[in-house]
Every structure is written in structure tokens, then in C-alpha cells.
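These notes are about the structure you will find just below.
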Amino acid sequence: MTSTVFPRQVRLLTAEDYRKVFGKADAKAQTGQILILAHRNDLGYARLGLVVAKKHAKRAVDRNEIKRMIRESFRHNQSKLENYDCVVLSRPGAKDLDKIQLRHMIDKLWTRLRQNPNGNRPRKKRTDQKN
RNA sequence: UGAGACGAUCGGGCAGUCGCCGCUAUUGAAUUAAUCGAUAGGGGAGGAAAGUCCGGGCUCCAAAGGGCAGGGUGCCAGAUAACGUCUGGGUAGCGAAAGCUAACAGCCAGUGCAGCAGAGAGUAUACCGCCGAUGGCCAAUCUUGUAUUGGAACAGGUAAGGGUGAAAGGGUGCGGUAAGAGCGCACCGCGCGGCUAGUAAUGGUUCGUGGCAUGGUAAACCUCACUCGGAGCAAGACCAAAUAGGUUCCUAUUGGCGCGGCCCGCGUUGGGAACGGGUAGGUUGCUUGAGCCUUAGAGUGAUUUAAGGCCUAGAUGAAUGAUUGCCGCCUUUCGAGGUGACAGAACCCGGCUUAUAGAUCGUCUCUUUUA
RNA sequence: CGGAGCGUAGCGCAGCCUGGUAGCGCACUUGCAUGGGGUGCAAGGGGUCGUGGGUUCAAAUCCCCCCGUUCCGA
């Protein structure tokens with residue numbers, strides 16, 4: 001598989017796919033603005049799903065912007081992500097970042113997800129798994 | 001040139017690289033279909049895509065005739081598929097003008113409402129004031145009377161003035177009167193009628209007539225005129241797994257259980273088949289349309305007629321992006337930085353409303369200033 | 001995407017239909033009762049009625065436009 005294409009198979013399409021990731025996250029990485037949850041699949045390649053809440057970014061333009069940046073970043077980094085199904089969630093404050101900051105942040109998060117799958121810094125322990 | 005009014009258009013451009021979503025053509029996976037790829041070509045957010053405030057198309061449901069109730073609209077005429085939209089005209093207000101704004105029908109059909117203040121708030125009223133002619137009261141005078149003069153303000157009259165209020169029942173002047181009053185007259189305003197211009201709203205009038213009402217509120221009930229069935233593409237149509245369940249038939253003279261002493265039989269259960277409903281999911285609806293552009297004709301105009309040309313997003317955990325260079329524009333501390341504002345299609349159109357950096361074009365006005 | 005509501009004091013709600021005075025409970029402040037607290041009694045403060053227009057003499061209330069927020073419908 002080439003490293004920079006983004007065809008249909010690498011997206012999470014059904015509610016079932018999302019439920020698996022939310023039900024049991026094998027890895028995660030986060031900052032104040034972005035949270036990534038991941039779950040291993042049997043397909044041999046990584047897939048991406050997006051959740052950008054209307055509450056966090058009021059305007060449709062902002063939501064599209066965030067989703068496009070994440071997708072673009074995933075496209076360039078997907079070969080490193082093995083067979084993870086990733087769901088990227090926005091958090092309040094995501095809309096206040098400009099495009100460049102957002103891009104750098106996500107690029108770093110992929111690396112962190114791979115190197116440190118259980119990934120929290122100890123002081124920022126968040127135990128609740130709701131959503 | 002400056003200030004301003006109205007209308008229209010645009011909403012960075014070109015090229016390269018890496019991606020995403022439809023379409024068309026060719027082609028591959030044994031073959032048809034479906035599906036999944038490959039290559040090439042061509043397309044891919046807006047003027048508001050927004051708010052969902054109106055109106056239609058389209059779809060299903062209901063009814064199929066009429067009325068009531070309820071909602072909406074509201075100067076007149078026209079445009080339109082339709083409208084609460086638009087155009088033209090009228091009236092009123094604002095502005096120096098170009099122009100702009102107006103839910104702009106009816107409270108002389110009825111019912112209601114108007115707190116506080118104020119004397120009085122709707123077939124007017126009498127607090128202060130004014131008058132007190134007339135009828136009474138008191139005093140003086142001499143002519144002794146149905147007298148004259150003066151006084152008080154009892155009855156009474158009054159709507160000029162003060163005061164209250166958002167609003168006090170035409171205005172000004174003259175006459176008139178005890179004081180006043182449309183009580184009378186003139187002018188202005190108003191109502192009704194006539195004549196006249198206009199399709200009409202409405203305007204004009206050296207015409208006649210009425211003394212003068214007909215106060216405000218209908219985004220109060222209401223009256224009048226016109227109009228409206230309900231829901232919405234998450235509508236609707238089609239295909240249809242797993243699991244559970246329904247109907248019908250077959251199978252077992254050789255299954256189990258129950259009814260029974262036993263057989264037949266019946267019920268239930270097992271196995272199989274068919275049928276219909278239908279969830280997850282999928283397909284469709286889904287983009288050729290009251291479409292756009294150009295020219296010509298009709299009309300003051302909205303708009304419309306004819307001819308020719310064009311095809312211009314169709315996603316569905318939801319595409320339309322990222323990056324590099326040049327040009328253009330803006331800021332600048334001359335190193336450089338930014339690329340804009342409002343904002344992202346979700347069945348489709350016609351409007352309205354709201355948000356909006358900047359740029360361009362056209363028509364028109366002018367109290368001032370310049371030529 | 002479509003369709004319904006709701007915004008009033010710090011919090012939860014009345015008042016709106018039928019226009020003139022914004023009220024109730026909890027909370028808050030002060031005083032009294034108690035040695036002190038809780039509790040009780042009495043008094044008091046606090047509201048651009050979400051925003052901006054319009055109708056009206058007068059708008060929380062009637063009518064429009066915006067802004068939040070909640071709930072429905074595969």
C-alpha cells in the first residue's frame with residue numbers, strides 16, 4: 001500500500017466500527033484540544049474515524065477545517081500506525097488553534113500513540129471513559 | 001473634484017506536485033449482471049449555501065358537495081406556478097434634492113379598554129375663575145313704584161382663561177352677550193351631495209349643502225373582502241441477512257408428549273418447503289430545471305414571447321483539501337509578514353430576513369465650493 | 001436535514017391568553033430570642049423580564065427580526 005492515498009476502506013463507516021473503538025481502546029493519546037482512541041483490527045492496515053462535536057466548533061466551516069487537517073495528517077502518517085482503528089475526537093478549544101498548530105499537534109500525536117500506547121502522563125490521569 | 005442617493009457585477013488569478021467524490025470512454029478480474037480495480041478526459045460550494053420566516057413543485061395520507069370553526073393577508077391596478085414577494089400608481093411622513101419609509105381596509109354595525117393625575121375621559125364636566133341679565137336677599141335714595149342705584153354671591157348661567165393629563169368634544173378674527181358659547185358672519189378645515197379626470201385607489205372644483213359633528217385604540221374582540229386539507233425526501237418506493245415470530249402445505253402406517261384400556265383421530269412438538277409482513281443494512285428518490293447565456297419583439301416596469309446556443313456538484317460517519325512558485329492587493333520598524341470579510345450544498349426552485357473585508361461599473365441629485 | 005417548545009432576582013418557578021402595580025419558595029443581609037450554634041420571629045436588599053425594532057398615551061405581556069438553549073423524528 002502506498003503511503004499517501006486515502007481510499008474508502010481506511011475509514012470507519014458503520015456504527016459497529018465506532019462501537020468497537022469506544023468499547024475497548026487499546027491505545028490512546030491526547031492533548032487539551034484533541035483525543036485519539038485506537039483499537040487493533042484484523043485487516044492489516046489502519047483506519048480513521050472522526051468525531052467533531054457541534055458543541056466544540058460552532059460553525060460548519062470550522063468543523064470541516066478540523067476534519068480536513070486530521071485527514072490530511074492521517075494520510076501522511078497511516079503507514080506507521082499498523083493495524084489500529086483510530087477515532088479522533090475534538091475537545092473544547094480545538095477551534096481556537098490555527099491550521100499550522102493543529103497540523104503539528106496531530107503529527108506528534110500519531111508518534112506518541114505508537115511509542116506510548118497507554119499513553120497518559122501520570123499527572124493527567126483521566127479515569128472516566130464516558131462519551 | 002467633493003458630499004450623497006439608487007441599481008448591477010465580482011468575492012483573488014495562473015501553473016506544478018500529492019490526495020478526495022461523482023460522470024463519460026476504454027480496459028482487467030473465465031463469461032452475462034452486479035461488484036472491485038487500472039488508464040484517459042471532463043466536472044466539483046454560495047451570494048447569502050445561513051435563519052427556516054413565507055410561497056410553490058414533488059411524495060404519501062385524508063377527503064372528494066356545501067357550511068361553520070380556526071389561521072393568514074389587507075390603499076388600488078398589474079406581474080407570476082404561487083406568495084406575506086415584485087412592479088407601476090395613489091395617500092401620509094422625512095429630506096435641500098436625487099430619493100427613502102409605511103400591517104396604509106373599517107371604531108358615523110355592535111361590544112369593550114383608558115391605571116395615576118384631574119372638577120370632568122365620551123349621550124361631557126364646574127375645582128379656581130368669569131357673570132349673576134332673570135328670580136330671590138341686604139342696604140341707600142325719594143318720585144313710595146311691577147321704581148332707581150349700590151352690595152353680597154343664594155338659585156342659576158358659562159366653556160373665554162388657569163390647572164391635570166398621552167388625549168379635554170374644530171382653528172383665527174369680528175359681531176354678539178350679564179358673562180359666554182357655531183349663537184351669527186367671514187376665511188381656513190371637515191362631512192354629505194353634484195360635476196369632472198382616472199380601469200381603480202384617489203385627485204380637482206369660482207358648484208350646492210350641513211353649523212360642526214365624525215376624539216384615541218381593531219399588532220382589543222370584531223365587521224368586510226380575498227385566501228388556506230394535513231404532513232414532510234429522516235416524504236415515499238424497491239431489495240433484503242441474522243434472530244424471533246405468523247399462515248399454508250408436506251413428512252413420520254417408523255420420533256416424543258398429552259387425551260385413551262388399545263386403534264383411528266385430534267392437539268402440541270421435531271424435520272422440510274412455500275408465502276406474506278419486515279428490523280440491521282443496501283438501492284432508489286437525486287439532479288434537465290417555472291434552468292442559464294445571447295439576440296430580437298411586446299410592455300413605463302415587474303415580466304413575457306420567439307429564435308439560436310449550453311449542460312453547470314450530487315456527498316451519505318458525509319468529497320470539494322494540502323503544499324510550492326509567480327503575478328496582483330494590503331500592512332511595514334524596509335528585515336519581512338498577511339491573502340483576507342461573512343461563511344460550507346444535503347430533494348429542488350421563487351422570495352424575505354440576517355451576516356459581510358474589499359473592488360469595479362452605470363444612472364441621478366446638490367444646500368455649499370471649484371471650473 | 002426537518003419539526004416543536006423554553007429564556008423573568010444567585011437557583012427553581014408564577015405573572016403573558018384578558019397591556020398600566022413585576023410576585024412566590026429556597027438562598028442572602030440586619031435585628032430580636034439563646035451562653036453559642038441550629039431553629040423560630042420580624043424587617044430589608046437584590047431583576048436591562050435574552051437582544052434589537054414596531055403597534056400603543058403606556059409592552060414582561062401584542063407583532064416582527066436576531067441570539068442562546070432543550071426536546072422530538074432514520
Exercise. For G344(B), does either OP1 or OP2 sit under 4.0 Å from a side-chain N or O belonging to Arg68(A)?
Worked result: no
Seminar exercise, completed: Under a 3.5 Å limit on both distances, the Watson-Crick or wobble mate of C1(C) is G73(C)
Exercise. Can you tell me how far P in A343(B) sits from the matching atom in A307(B), rounded to whole Å?
Worked result: 47 Å
Exercise. How should the glycosidic conformation of G335(B) be described, syn or anti, under the criterion that syn lies within 90° of 0?
Worked result: syn
For this session: Taking Arg114(A) for its side chain and Leu109(A) for its backbone only, find out whether a donor-acceptor pair lies under 3.5 Å.
Result: no
Exercise. More 5' along RNA chain B: Arg103(A) or Arg59(A), using each one's nearest nucleotide?
Worked result: Arg103(A)
Problem set entry | Euclidean distance for C1', A96(B) against G4(B) (whole angstrom) | 12 Å
For this session: Determine whether Val10(A) and Leu48(A) make a side-chain contact, defined as any pair of heavy atoms from C-beta on separated by less than 4.5 Å.
Result: no
Exercise. Base of U287(B) relative to its sugar, syn (within 90° of 0) or anti?
Worked result: syn
Problem set entry | Identity of whatever pairs with G68(C) - Watson-Crick or G-U, under 3.5 angstrom | C6(C)
For this session: Decide, for U312(B), between syn and anti: a glycosidic angle within 90° of 0 counts as syn, anything else as anti.
Result: syn
Exercise. Would you say A318(B) has OP1 or OP2 under 4.0 Å from some side-chain N or O of Arg71(A)?
Worked result: yes
Problem set entry | Any strand: nucleotide that pairs with A318(B) via Watson-Crick or wobble, under 3.5 Å | none
Exercise. When the distance from CD of Glu65(A) to C1' of A322(B) is rounded to whole Å, what number comes out?
Worked result: 11 Å
Problem set entry | Euclidean distance, atom CD of residue Glu72(A) to atom C1' of G19(B) [Å, nearest integer] | 6 Å
Exercise. Just how far, in rounded Å, is C1' of G46(B) from CG of Asn64(A)?
Worked result: 14 Å
Exercise. Considering Watson-Crick and G-U wobble pairs with both distances under 3.5 Å, what does G325(B) pair with?
Worked result: C14(B)
For this session: Kindly indicate, with the supporting measurements, whether the criterion side-chain contact (heavy atoms from CB on, under 4.5 Å) is fulfilled by His76(A) and Glu72(A).
Result: CA-CA 7 Å; His76(A) 287 292; Glu72(A) 187 71 10; 3.5 Å; yes
For this session: Using a 90° cut-off around 0 for syn, call A69(B) syn or anti.
Result: anti
Seminar exercise, completed: From CZ of Arg63(A) across to C1' of U320(B) the rounded distance in Å is 17 Å
For this session: Would you confirm whether Asn83(A), through its side chain, and Asn41(A), through its main-chain N or O, come within 3.5 Å as a donor-acceptor pair?
Result: yes
Exercise. Going through the checks in order, is the side-chain contact (heavy atoms from CB on, under 4.5 Å) test met by Ile66(A) and Leu102(A)?
Worked result: CA-CA 8 Å; Ile66(A) 291 167; Leu102(A) 188 63; 4.2 Å; yes
Seminar exercise, completed: pair_partner(U9(B)), Watson-Crick or wobble, both distances < 3.5 Å, evaluates to A359(B)
Exercise. Across all strands, who's sitting opposite A29(B) as a Watson-Crick or G-U wobble pair, both distances under 3.5 Å?
Worked result: U35(B)
Exercise. Can you tell which of G317(B), A345(B), A343(B) lies closest to the side chain of Tyr18(A)?
Worked result: G317(B)
For this session: Report the base-pairing partner of A197(B) (Watson-Crick or G-U wobble, both distances below 3.5 angstrom), or none.
Result: U202(B)
Problem set entry | Between G317(B) (P) and Phe22(A) (CZ): distance, integer Å | 15 Å
Exercise. Taking the C1' atom of each, how far is G55(B) from A60(C), in whole Å?
Worked result: 34 Å
Exercise. Out of G19(B), G317(B), A322(B), which has the shortest distance to the side chain of Arg75(A)?
Worked result: G19(B)
Problem set entry | Pairwise side-chain contact, Arg40(A) with Tyr84(A), heavy-atom cut-off 4.5 Å (strictly under) | yes
Exercise. Once you round it to whole Å, what is the distance between P of G321(B) and CZ of Phe74(A)?
Worked result: 21 Å
Seminar exercise, completed: As its Watson-Crick or G-U partner within any shown strand, both distances under 3.5 Å, U21(C) has none
For this session: Determine: side-chain N/O of Arg11(A) to OP1/OP2 of A319(B), distance under 4.0 Å, yes or no.
Result: no
Problem set entry | Chi class for G22(B): syn within 90° of 0, otherwise anti | syn
Exercise. Between Asp85(A) and Arg47(A), does at least one N-O distance fall below 4.0 Å, as a salt bridge requires?
Worked result: yes
Exercise. Ile66(A) has an atom CD1; how far is it from atom P of A318(B), in whole Å?
Worked result: 14 Å
